[in-house]
Structure formats: structure tokens, C-alpha cells
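In the text below, chain A, chain B and the rest are named by the order of the sequence lines, each starting its count at 1.
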Amino acid sequence: MLKCKDIVDQASDYREREMSFGQRLQYRMHLLLCHHCRTFSRQFNASVAMLKRLRKREDHQEQIEETKRKLENL
Amino acid sequence: MSDNNSPKPYQLLEAELLPKLRQGDKQSLNRLVEAYYGPMRALARSIVGDSIADEVVQEAWFSVYKALPKFEGRSSLKTWILRITANEAKTRLRRESRQVSLEAISGGETDLLPGRFQDDGHWAVPPSSWHDESPDALLTNQEMGDCIEWTLGRLPENQQAVFKLKELEDHSFDEICNILEISASNARVLLHRARVSLYGKIEHFQESGEC
């Protein structure tokens, strides 16, 4: 029987379907029975979805122009 | 719904530029610099830190320029360029006698979410409820976004590198293994560790309003 700690340890494998059918079934069974792990799973998935949409707000234009100039002179 | 078989924007760009690049066309090279400087810098920064990331990227561009005629197309141009960048960054670290092992799983023995579980593996400190759990709502909080970027910059370098390549640059695990020269299983472990650390920070921010 999986423990709550296993649910955290395997959350990405479950999310990305990197599990056998049996492992997946055990994982789902635990979620069905454990309110805290359902909360964790929901929040973890929301966090991953949000993190995927993070984009660095960096402006490298100056360095890009410098690199282009240096390559131009090669 | 997105179609996984449709070419990514960078693949279309490469199909257009590659024949001209092989002929030494500088304008095409400039477009490549425009397109890939950002991802290269993000990767270099995760390996060598912020202060010398730009130097590493410039060195990588010189290597790319020299090696372009030999590019065989066994991976995408982007994967190839990022691999050159990772190698330049690792060489730079070696030159400065700093640790270089992206393969090692930093903190491998430590627990994810330390202090949150009892000895029997059940929650000691369960997840708290959040005001709004939708990704959209999480994204609108600018302070939390800044906090996550700060936290990301302090993760072990190998976690940062895998996280940025997978989540921010949308590379497959095969490509990541090729770029960083690590095994697929390690890449998965490193990504999961980074995600759980960042989840922990989001949870903390949701509870306390502080980073």
C-alpha cells in the first residue's frame, strides 16, 4: 500500500504516465482514500501547469547585438 | 488542443535557415543568434551562474560558427547548439576548478518536502488549502512569480538546467539527455525534485504571502 510520501515522490511519474497499469491503479486508490493527497495532487498539478507558463522576462538585445557584431568580424 | 505532430516554430525556422547557414550566410546566422541567445543564456546561467553566462554564450557562438559546416543534422540545430553551450559551460567550470557533474543527483539522499511526513510516511503537516488553485490565478500574482524565479535560481544547477529545458523550452527528455549528457532516469528525478521544491515555495507563499 502506498504511503503519502510515495504519492509526493511519484507525482511526476503519475502525471506523465510513466507508471505501469498496476502502479497507476495503486496511486489512484490512495488518492481516492486520502483527502490530503488529493489536495497535494491538485495543487502540484496546478503548480506544474503554472510553472510551464513562466517565461523569463529578460532582455538580451544588447548582448545579442554584440554577439552578432563579433560573428560578423570573424 | 495542440497537435504534437505539428512542427514547432523553431523547427520551421531551422528548415528555412539551415541551407543558407551551410553556405555561410551571415544574415541567417544573425537570425539564429536572435532566436537562440535567450535559451542558450538560460542554460548557461543554470550551469555557471549569472555573472559569466554571457561570456559562455559568446564562446558557444564562436564554436557553433566554426562547427556549422560539420553539422550533420542528427538532432535539431537547437539541440546541437544547446549541447555546445552546455559543454562550453562545463569546460568553463572545469577551468575554474569548480564541480562539474550534471549527472550527479544533488541532494539525492534528502527527502522531498522535508519535515512534512511522519516516520510511517503519512502527512505530519498536510497541504494547506489555497485561495485559488487554478494556474491562471497563480500566474497573476507578480510577487509570487518573482519569488519563484528567485527560488529557481537557487536550485542545484542540474535541477535548474533540466527544469528550464523541459518546462520553459519544451524539450523532450531525449533532447535533454542529448544536451546535458545525462541519463533519462536522472533527468526525470532532477525535474521532479525541481518541481516539488517550487511547489513547496508556492505553498509557502500561499500560506504566508512571503517568499
Side-chain angles (χ1 to χ4, degrees), chain A residues 1-20 23-24 26-27 29-74, chain B residues 26 29-30 33-34 37-38 41-42 45 53-54 57-58 61-62 64-66 111-113 116-118 120-124 126-130 132-139 144-145 148-149 152 163-164 166-168 170 173 188-189 191-196 198-203 206:
Chain A
M1 179 75 182
L2 291 177
K3 296 166 183 165
C4 302
K5 191 175 177 311
D6 300 322
I7 296 300
V8 171
D9 289 346
Q10 298 171 22
S12 286
D13 288 342
Y14 180 72
R15 182 183 162 81
E16 271 129 33
R17 299 180 174 272
E18 288 290 326
M19 281 179 167
S20 67
Q23 289 169 323
R24 202 168 167 77
Q26 280 190 43
Y27 198 99
M29 279 297 285
H30 185 105
L31 288 184
L32 204 64
L33 300 171
C34 180
H35 162 70
H36 293 321
C37 284
R38 280 202 303 279
T39 302
F40 165 77
S41 183
R42 215 172 45 240
Q43 292 175 348
F44 179 77
N45 286 328
S47 301
V48 173
M50 182 270 249
L51 292 167
K52 271 183 179 296
R53 287 153 61 181
L54 275 183
R55 285 288 183 272
K56 289 296 292 177
R57 298 178 294 272
E58 286 182 358
D59 181 9
H60 309 297
Q61 206 52 45
E62 205 177 306
Q63 290 90 341
I64 287 172
E65 293 307 325
E66 190 187 334
T67 306
K68 281 163 41 176
R69 266 197 308 277
K70 286 182 176 172
L71 289 172
E72 197 70 43
N73 293 330
L74 285 179
Chain B
K26 288 274 173 87
L29 187 63
N30 284 346
V33 174
E34 295 268 0
Y37 194 96
R41 193 186 189 284
R45 185 182 171 196
D54 286 306
V57 174
Q58 293 213 346
W61 274 114
F62 298 144
V64 166
Y65 178 76
K66 279 188 267 175
D111 287 339
L112 297 173
L113 301 179
R116 300 289 298 273
F117 296 99
Q118 304 169 35
D120 66 3
H122 292 290
W123 290 101
S128 56
S129 60
W130 295 357
D132 191 335
E133 293 176 355
S134 72
D136 284 337
L138 295 173
L139 262 178
M144 193 175 69
I148 289 167
E149 285 184 10
L152 180 58
F163 180 86
K164 287 176 182 174
K166 184 79 180 86
E167 305 290 47
L168 308 186
D170 205 22
F173 277 110
R188 287 184 187 283
V189 171
L191 176 66
H192 184 59
R193 286 187 173 275
R195 282 173 170 175
V196 174
L198 294 168
Y199 159 80
K201 184 56 82 175
I202 294 169
E203 188 191 32
Q206 289 282 323

[atom2] on [Y] to [atom1] on [X], rounded to 0.5 Å:
X	Y	atom1	atom2	value
A:Ser47	B:Leu138	OG	CG	6.0 Å
B:Leu139	A:Met50	CG	CE	5.5 Å
A:Gln43	B:Ser129	CD	OG	7.5 Å
A:Cys37	B:Trp123	SG	CH2	6.0 Å

Need one label for [X]: side chain, backbone, both or neither, based on atoms under 4.5 Å from any heavy atom in chain A.
X	result
B:Asp120	backbone
B:Ile148	side chain
B:Asp54	side chain

Of all residues at least two apart in sequence or in a different chain, which pass the side chain to side chain contact (heavy atoms under 4.5 Å, CB included) check with A:Thr67? A:Leu71, B:Val33, B:Tyr37, B:Gln58, B:Trp61
Region of A:Gln10 that comes under 4.5 Å of a non-hydrogen atom in chain B: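 Contact with chain B is through the backbone of A:Gln10 alone.
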B:His192 (side chain) donor-acceptor with A:Asp9 (main chain) under 3.5 angstrom: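 Judged by distance alone, yes, a pair lies under 3.5 Å.
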For B:His122, is there any backbone N or O sitting under 3.5 Å from a side-chain donor or acceptor partner on A:Lys3? no
Please step through side chain to side chain donor-acceptor pair (under 3.5 Å) for the pair B:Arg195 and A:Ser12, ending with a clear verdict. CA-CA 8 Å; B:Arg195 282 173 170 175; A:Ser12 286; 2.8 Å; yes
Please work out whether the ring planes of A:Phe44 and B:Tyr199 are parallel, tilted or perpendicular, with thresholds of 30° and 60°. perpendicular
